[in-house]
Amino acid sequence: MPSTLTAQPTAPAMDAHVVKTYARMPEVFVDGCGAHVRTADGRVFLDFLGGIAVSALGHAHAGLVDALRDQVGKLIHTSNLYRHPYTEEVATRLARLTGLEAMFFSNSGAEANECALKLARKWQRLQGHPERTNFVALEGGFHGRTMGALSVTHSPKYREAFEPLVPCCGWVPPNDVAALQKALETIRPAAFIMEPIQGEAGVRDLSLDYIRAARELCTRTGTLLIHDEVQAGCGRTGTFLAGAQAGVTPDVATLAKPIAGGLPMGVCAVAQPYVHVLQPGDHGTTFGGGPLVLRGALVFLQELEERGLMRAVVERGAQLQQGLRNLQREYPEIIELRGRGLIQGVRLSKGAEELQKALYANGLLTNRTGGDTIRLLPPFVVTEKDVADALAIFAHSLKQVLRT
Ligand SMILES: Cc1ncc(COP(=O)(O)O)c(C=O)c1O
């Protein structure tokens, strides 16, 4: 852990003038190192949430810190009206990693999805189908909080207070090919948007057969296929895109979360036929793709491509999964283990809320999704010892909650 602590604000003062969109924990985090974070009063947590799938390089990654320090001293922002040295290099790397052709750089996952939805509507218009304005999305899907992304997000708890949203969405249950076929044929949407692994719905895997069938149905019905890879993408499952494990390339993939090492960045990556759909003036962003964030993205992509970080994801993911399987044998209350690589979910028949609180009290940061599932999103730099420590905390917390 770094030895110097920075400023120590107190929790009540921090929240007095903050809009109450989050029920924050009282601890005040001030610094971190690798998979660990430390509070102002010196408590150390093992961070298996990674700022919700963001901190893939861990905290205070030396290469990232050096690059960002250097970049801050050179050039932070230029706007998209001018060129800077990192745009083409990051876009070229992403094209290689995704198999897609061109990138729009945004500031978040929701904005990447906005770009994808707009592109789909304009594509249909250019094809002579201006009436194809609707979207089809999956039950349980989460795509962000902006009006368009929220319109294709399923849970009423996120949507209801803000309706009417973009009017349009047909919902289909995950892994049901017949329902998808019917929706695509009757609704004739502009696009079908899906997460290959539904993170917010409790790390729910879509079957590889379903991902393949969806590709085939979208092609057959002239529907754009958008894979939202904001949470499961960027190498978290052991392949750069989670959908690649089904051998599928979407028409559009959206990325965000870990892609710039913790700086805010999203990407809307489009396949070759759609590269010219959005023209100057159709879409834009003041901050997106600036030199500072793209320098961060370059470090992240170099770590993945040149330093074997995706191999580490597979190895540490297997270790974590094996450890959780061992616990499942002891605790039948663990009814399902979900996910791949370093996105994993532990679904419980009872006690999920209490377990998550116990994990926190015992020094392991996780969260709970889908009501009954503990979600684990450790950094890609997590060590063998970190995983062993997390499993030990898990075992101890399970015992506290379910056996005492
Ligand atoms: C699958 C998915 N899509 C989109 C988003 C929205 O991303 P952001 O919060 O960066 O706007 C999230 C955020 O959790 C997500 O998990």
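In listed order, ligands and their atoms are each counted from 1.
Using a 4.5 Å cut-off on side-chain heavy atoms (C-beta onward), Leu377 and Arg236 make contact. Counting heavy atoms from C-beta outward, Tyr274 and Glu101 have side chains that stay 4.5 Å or more apart. Proximity of Phe287 to Pro264: side-chain heavy atoms (C-beta onward) are nowhere separated by under 4.5 Å.
Less than 4.0 angstrom separates some heavy atom of Asp228 from each of these atoms of ligand 1: 1 (C), 2 (C), 3 (N), 4 (C). Close approach of ligand 1 to Gln231 is summarised as follows: ligand atoms under 4.0 Å from at least one heavy atom of the residue are 16 (O). Remark: ligand 1 atoms within the under-4.0 Å shell around heavy atoms of Val230 are 2 (C), 3 (N), 4 (C), 5 (C), 7 (O), 12 (C), 15 (C). In the vicinity of Glu195, heavy-atom distances shorter than 4.0 Å reach the ligand 1 atoms 1 (C). Residue-ligand proximity, Ser108 to ligand 1, at heavy-atom distances under 4.0 Å covers atoms 10 (O), 11 (O). The atoms of ligand 1 that sit less than 4.0 Å from any heavy atom of Asn113 are 3 (N), 4 (C). Near Lys257, with a cut-off below 4.0 Å to any heavy atom, the atoms of ligand 1 are 13 (C), 14 (O), 16 (O).
Within the 4.0 Å heavy-atom criterion, neither part of Ile52 lies near ligand 1. When non-hydrogen atoms are compared, ligand 1 lies under 4.0 Å from the backbone of Ala110 as well as from its side chain. Contacts with ligand 1 closer than 4.0 Å are made by side-chain heavy atoms of Glu200 only, the backbone lying farther away.
Heavy-atom neighbours of Lys20 NZ from other residues, nucleotides or ligands within 6.0 Å: above the threshold of 12. Dense packing is recorded around OH of Tyr360, with more than 12 heavy atoms of other residues, nucleotides or ligands lying under 6.0 Å away. No more than 12 heavy atoms of other residues, nucleotides or ligands sit less than 6.0 Å from atom CZ of Arg125. No more than 12 heavy atoms of other residues, nucleotides or ligands lie within 6.0 Å of CZ in Arg311, so this atom counts as exposed by the packing criterion.
At least one donor-acceptor pair under 3.5 Å links the side chain of Arg159 to the backbone N or O of Thr153.
Ligand 1 has no atom lying under 4.0 Å from any heavy atom of Arg145.
Protein heavy atom in closest approach to atom 2 (C) of ligand 1: Phe142 O, 3.4 Å.
Counting heavy atoms only, Gly109 comes closest to atom 8 (P) of ligand 1 of the residues Pro196, Gly109, Gly141, Ala53.
The shortest N or O to N or O distance between Glu111 and ligand 1 is not under 3.5 Å.
A cation-pi geometry, defined here as NZ or CZ lying under 6.0 Å from the six-membered ring centre and within 45° of its normal, does not hold between Arg316 and Phe380.
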